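Everything on this sheet refers to the single structure shown next.
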Amino acid sequence: MQLPVVGTYQAAGAVDINYYHHFAGRVGLFNNQPGDVLLQEADLIITIGFNPIEYDPELWNTRRCPIIHIDIEPAQFQQYYQPCIEVVGHIGATLQALCTQMTEFACLSPKALSILEEVTQQRHILKNYPIRQQAAGFHPLSLIKIMQAIITPDTTLCLDMGSFHIWIARYLSCFRARQMLVSNGQQTIGVALPWAIAASLLKPGHKVVSVSGDGGFMQSSMELETAVRLRCNIVHIIWVDHAYNMVEMQEQQKYQRSSGVKFGPIDFQAYAQSFGAHGFAVTQADQLMPILRQAMEVEGPAVVAIPVDYSDNYKLMQARSEQHQDPIFQINHEGVLL
C-alpha cells in the first residue's frame, strides 16, 4: 500500500531498508517527532504488535483516531486506545493475508510527503555530521554517526537507560528485527551489560555492542567479572558526563535546577582493566574511530569510555514549534552544518 510507517523504540529493525523512504522514524517518551505529526494527521492507524507501556496512547491519539489492532494478544483497552477492529493471531500470517486483499497504492497527503522528506533530510545531515569534540565532549549525533559505521547487520546492540538512549533510538538506523534491544517499558537502568552477556552467550561467534551512560554502567558494572570469566565477545561503550543526565534534564525542565545527580570522575579504562577486560578511553576527536575499531577487533570484553556533550539535550523535549527555531539538525544557507 506504500503507507507511511512509524515505529516505537522496541520496534527498531522491523522496517526493511528497502522501505526506509516511507519510514518516518521512531517515536516515544516525548510527543515531538515527525512520526508524531503523521499520527496526529492520520485518518486510520494500524498498530502491529503495539504495547501501550511503550508509548502512552494519550500522547499520540488525543484525536481518538480509528485504530486497527494487529497482535498475538487482544488489545489492552484504555481511554485513548479503543480499537474498532482487532485481528488477533500470528502477526506475519495476518499481514500476508491482508496483503493478498490489497490491490492499490495509497495516495499520500502533501503533509505526509513533507514529513517523509523532513526525515530524509535529517538522515542526510546525520550521514555528513562532523566529528568534533567540544570542551565537554562529543555531540551525541557525532557518536551516533561513528556507531553507525561500526555496527554491522550481524551486530546485536543492547541499550541501557539514559538520555543517550533517546538519541540512539531516534537516530541510529538498523534493519534487522531484534538487532537493537531497548528496555522501553520499565526503563531498567543498568540493563545493557547483563543483556550483552546473555546475547553473547546465545551468539558466541558474533560481536555484541552495549551502550550505557556512566551512571547506568555503575549500576551493574560488577558484571564485568562475569563477562571476563565467560569470555564474552562484548564491546561496552560508555557515554561519560559524570551525571544521571536523563534525570538532570527533566529536573531542569520541571524545576529549572538539578539536584543529586552529579558524581565522579571515574577512570573507566583502569576500572575495566582491573577486571581483566580491555579498557580504552577516548580523549580527542582523532582517536574516536581508531579506538572503537580496535575495541571491536579484540577478543573478549572491552570497555570504551567517551566524553559526551549533552548541552543540546533540552531539544529532545522541545515542542515542534520550538524545534523550528532551535533545531537539533541545523544547517546554514550554504548547506554547512552549524
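This one's a predicted model, so the numbers in the text were calculated from it and none came from an experiment. Residue numbers count from 1 along this sequence.
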Original post:
When you look at CZ of Arg231, are more than 12 heavy atoms from neighbouring residues, nucleotides or ligands closer to it than 6.0 Å?
Top reply: no
**OP:** Describe, in one word, how the ring planes of His139 and Tyr129 are oriented to each other, choosing from parallel (under 30°), tilted (30 to 60°) and perpendicular (over 60°).
**Re:** tilted
Original post:
How about Leu29 and Met246: do any of their side-chain heavy atoms sit closer than 4.5 Å?
Top reply: yes
Subject >> Side chains of Tyr271 and Ile238 in contact at under 4.5 Å (non-hydrogen atoms) >> reply: no
Original post:
Would you call Cys158 and Val208 a side-chain contact if the rule is heavy atoms closer than 4.5 Å?
Top reply: yes
Subject >> Check: Ile131 main-chain N/O paired with Lys145 side-chain donor or acceptor under 3.5 Å >> reply: no
Original post:
Would you call Asn233 and Glu299 a side-chain contact if the rule is heavy atoms closer than 4.5 Å?
Top reply: yes
Original post:
Heavy atoms, side chains only, cut-off 4.5 Å: are Ile151 and Gln179 in contact?
Top reply: yes
Subject >> Test item: Asp56 side-chain N/O and Glu58 main-chain N/O as donor-acceptor pair under 3.5 Å >> reply: no
Subject >> Joint hydrophobic cluster, Ile150 plus Leu181, side-chain heavy atoms closer than 4.5 Å >> reply: no
**OP:** For the pair Tyr81 and Phe50, name the ring-plane relationship: parallel under 30°, tilted 30 to 60°, perpendicular over 60°.
**Re:** tilted
Original post:
Is there a donor-acceptor pair under 3.5 Å between the side chain of Gln148 and the backbone N or O of Ser173?
Top reply: yes
**OP:** Taking the six-membered ring of Phe138 (Phe, Tyr or Trp), confirm whether the NZ or CZ of Arg132 is under 6.0 Å from its centre and within 45° of its axis.
**Re:** no
**OP:** Using the ring-ring contact (aromatic ring centres under 6.0 Å, His included) rule, pick out the option among Phe164, Phe263, Phe217 that qualifies with Tyr244.
**Re:** Phe263
Subject >> Joint hydrophobic cluster, Met289 plus Val303, side-chain heavy atoms closer than 4.5 Å >> reply: yes
Original post:
Does Arg26 reach the side chain of Met180, with side-chain heavy atoms less than 4.5 Å apart?
Top reply: yes
Subject >> Close side-chain approach of Phe280 to Gln294, heavy-atom, < 4.5 Å >> reply: yes
Original post:
Do the side chain of Asp214 and the main chain of Asp241 share a donor and acceptor less than 3.5 angstrom apart?
Top reply: yes
Subject >> Close side-chain approach of Glu41 to Arg63, heavy-atom, < 4.5 Å >> reply: no
**OP:** Determine whether the aromatic ring centres of His22 and Tyr20 lie less than 6.0 Å apart.
**Re:** no
Original post:
Is the backbone N or O of Leu316 less than 3.5 Å from a side-chain atom of Asn32, with the two atoms forming a donor-acceptor pair by type?
Top reply: yes
